[in-house]
Amino acid sequence: MAAAGGSVLKPVAEALGASEPALKLILSILLGYPLALFQRYFLFKKEPSHIHLFNTVTGLGIAYFNFGYQLYHSLLCVVLNFLILRLMGRTITAVSTSFCFQMGYLLCGYYYTATENYDIKWTMPQCVLTLKLIGLTFDYYDGGKEKESVTEEQKRFAVPGVPSLMEVCGFSYYYGGFLVGPQFSMCSYLKLVRGEMTDVPGQRPNSIRPAMNRLCLGLFFLVIYTVFGPHLPDSYFLTDEYANQPFWYRCAYIPIWGKVMLYKYVSCWLVTEGVCILSGLGYNGKDDTGRVQWDACANMKVWQFETTPLFTGTIASFNINTNAWVARYVFKRLRFLGNKAVSQAAALFFLAIWHGLHSGYFICFSLEFLIVTAERQAADLVRESPLLSHICSIPLLRPIIYVLQQCIHWLFMGYPLVPFCLFTWDKWLKVYLSVYFIGHLFFLLLLFALPYLRRVLVPRKDKQKSQ
C-alpha cells in the first residue's frame, strides 16, 4: 500500500526535481525538530510512560507517513524481540535468537524488495532497527554477568533491569533515530527519559545552539548535493559517453562523483544529530577542560572527513555510530578467535551483508579491507624507516606530501564506492574494466612491494623490534 500523503507531495517532489520518497524522508527528519522542542518544553522530567508513549506514537506516525502499512515489519520485530528478552532472559540463547531472527528478517526483506536501484523503502529504517534490537539483547545479556567478566565498555552499556514493552517501543521508535540512525544504547535512552541527559542537572539542556549548528551544517551539505548531485549521476558510469572519455577523465570522475555522492548521507546524519542534541540525547558529558560535549549521537566528524589524507581517517569520521556498534558487538566479541585480521574481515563481512545482498556491497568492503591493510603497512614503513621519516618531517615538503596524499586518498576513496552504489556485478564490472582495475592493481602491487621496501629502508635492529 502506498504511504500516506503521497497524492499531495508527488507534484511538489516533481517540481523540486526529487523523488517523492526522498522528499518524505527529508520532511520526516526535519519534523524531528518541532517534536524535540515539544519534548523539551512539555515532557522534560514528566512521567516516563508518557515519554515512551510520545516516542512510540510519533515514530509509528513517521513510519506510516513514509511506508504506509508496511510499518508492521518494524512493529513485529520490536514485539518479538521484547518477547525474546522476557522469555529467554539473560542467556546466550536469547542473544543468538535475536541476532539470527533480526538479521534473517532483514535479509528476507532485502531479498524480496531489492531492485537494481537504490530505493527508499521499509528496509531502510529496518536495518537501523536491526542493530538497535540486537545491541539491546547483547546489553541485556551483559547486565546479568558477573562484574569481573565484563569489560568497562560493556559495563557502561549493560542494561541492569528488565525493559518493559513501552521502554522497548519508545527506544525503537524514538523520532530522532528511527529512519536513518544514529545508533544509541537503551541506557542512554532511559537517561534521556529520566531527564539526566543535560548539562544543567534538573533543568532542560542548553542544547538549542549546538543543535542549530548541526542543522545548518546539514542543510549546507544538502544544498551542495542538491546542486551538484544531478550533474554527477551514478548512471553516467554506464553510458557510452563515459566509456569514450579519456582514461584520465574516467579516473578523475570517480573521486569527484564519490565525494558529492557521500554528501547525501552526511546531510541526513547531521540533521538527525541536531534533533538528538535538541532533545538532549546528544549530551556526552564534559571534556577535561569542562567544556560541554554534544557528540554522543554524532555520525560525522566533518572537519576530519574533509581534511584527512588517510583512508582510515575517512572511515573513522564517517558513519561513526554504526562503526562503533560493529566494533562493540561484532569485532570485539570475536576476540576468542585470537586473530585481529580475521575479526576485522568478519566485521566487514557483517557490514556488507547488513547493507544488502547485492555483490557490490561485498566488493566495496573487501576493497576497504585491502586498502586499510596496505595503508597501515605503508604507515608502519614510514615510521620505522629513518630516511622516510626524515623526508616526511621536512617542513618545506609537508604541503607537497599532503597534497599528494589527498590525491591518492580521494582517487581510491571513490573507487570502492562504485560497486557500493551500482549494486550488481554487470554494472560495477563495466566501470572497473573501463579504468583497468586501477585501484585493485595499485594496492595489490603496494602490498607486494612493501616487504621489499622494508628490507631496504628499515635497519635490521628495527625490523627485529617490530617483529
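The figures here come from the full heavy-atom set of this structure, side chains too, leaving out hydrogens, waters and symmetry mates.
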Contact check, side chains of [X] and [Y], non-hydrogen atoms, under 4.5 Å:
{"X": "P125", "Y": "F178", "answer": "yes"}
{"X": "L238", "Y": "K427", "answer": "yes"}
{"X": "F221", "Y": "L217", "answer": "yes"}
{"X": "L133", "Y": "S172", "answer": "yes"}
{"X": "C251", "Y": "L411", "answer": "yes"}
{"X": "K155", "Y": "T151", "answer": "no"}
{"X": "L453", "Y": "V458", "answer": "no"}
{"X": "T198", "Y": "R204", "answer": "no"}

Using a distance-only test with no angle check, is there a side-chain donor-acceptor pair under 3.5 angstrom linking [X] and [Y]?
{"X": "W257", "Y": "D234", "result": "yes"}
{"X": "Y175", "Y": "Q39", "result": "yes"}
{"X": "S185", "Y": "S188", "result": "yes"}
{"X": "Q183", "Y": "T322", "result": "no"}
{"X": "T308", "Y": "W303", "result": "no"}

Working note: R214 + T272, criterion side chain to side chain donor-acceptor pair (under 3.5 Å); need CA distance, chi angles, decisive distance, verdict. CA-CA 9 Å; R214 301 313 268 180; T272 54; over 6 Å; no
Assign the ring pair [X] / [Y] to parallel, tilted or perpendicular, where the plane angle (0 to 90°) is split at 30° and 60°.
{"X": "W122", "Y": "H73", "value": "parallel"}
{"X": "F349", "Y": "F362", "value": "tilted"}
{"X": "H440", "Y": "F437", "value": "perpendicular"}
{"X": "Y432", "Y": "Y415", "value": "parallel"}

Are any side-chain N or O atoms of [X] and backbone N or O atoms of [Y], one a donor and one an acceptor, separated by less than 3.5 Å?
{"X": "N81", "Y": "C77", "answer": "no"}
{"X": "S385", "Y": "L457", "answer": "yes"}
{"X": "R291", "Y": "K286", "answer": "no"}
{"X": "N299", "Y": "E273", "answer": "no"}
{"X": "Y173", "Y": "V57", "answer": "no"}
{"X": "N55", "Y": "F171", "answer": "no"}
{"X": "S207", "Y": "I277", "answer": "yes"}
{"X": "T56", "Y": "G170", "answer": "yes"}
{"X": "S389", "Y": "P386", "answer": "no"}

Chi angles and distances behind the ring-ring contact (aromatic ring centres under 6.0 Å, His included) call for F157, F138: CA-CA 9 Å; F157 292 98; F138 268 112; over 10 Å; no
Looking only at the aromatic ring of each residue, does the gap between the centers of [Y] and [X] stay below 6.0 angstrom?
{"X": "Y263", "Y": "F228", "answer": "no"}
{"X": "F420", "Y": "H358", "answer": "no"}
{"X": "Y361", "Y": "F423", "answer": "yes"}
{"X": "F318", "Y": "W269", "answer": "yes"}
{"X": "Y189", "Y": "H52", "answer": "yes"}
{"X": "F237", "Y": "Y253", "answer": "yes"}

Let's go through D295 and Y283 carefully: what are the C-alpha distance in whole Å and the side-chain angles of both, what is the deciding distance for side chain to side chain donor-acceptor pair (under 3.5 Å) to 0.1 Å, and is it a yes or a no? CA-CA 7 Å; D295 59 354; Y283 179 67; over 6 Å; no
Can you tell me if NZ on K121 sees more than 12 non-hydrogen neighbours from other groups inside 6.0 Å? yes
Does NZ in K145 sit with more than 12 non-hydrogen atoms of other residues, nucleotides or ligands closer than 6.0 Å? yes
Mind running ring-ring contact (aromatic ring centres under 6.0 Å, His included) on Y225 and F220 for me, showing each step along the way? CA-CA 9 Å; Y225 177 74; F220 171 74; over 10 Å; no
Among D119, T113, N117, which one satisfies side-chain hydrogen bond (donor to acceptor under 3.5 Å, both in side chains) with T115? D119
Euclidean distance, N206 CG relative to W294 CH2, rounded to 0.5 Å: 6.5 Å
Interatomic spacing from CE in M186 to NZ in K132 - rounded to 0.5 Å: 9.5 Å
Between A346 and L334, which heavy-atom pair has the shortest distance, and what is it? CB-CD1, 3.5 Å
Basic-acidic side-chain contact under 4.0 Å: R156, E152: no
Quick one: do F412 and F442 satisfy ring-ring contact (aromatic ring centres under 6.0 Å, His included)? Show the steps, please. CA-CA 9 Å; F412 296 113; F442 179 85; 4.7 Å; yes
Verdict with supporting geometry, F350 and F331, ring-ring contact (aromatic ring centres under 6.0 Å, His included): CA-CA 10 Å; F350 174 84; F331 178 76; over 10 Å; no
Please confirm whether K24 makes a cation-pi placement over F67, using NZ or CZ under 6.0 Å from the six-membered ring centre and within 45° of the ring normal. no
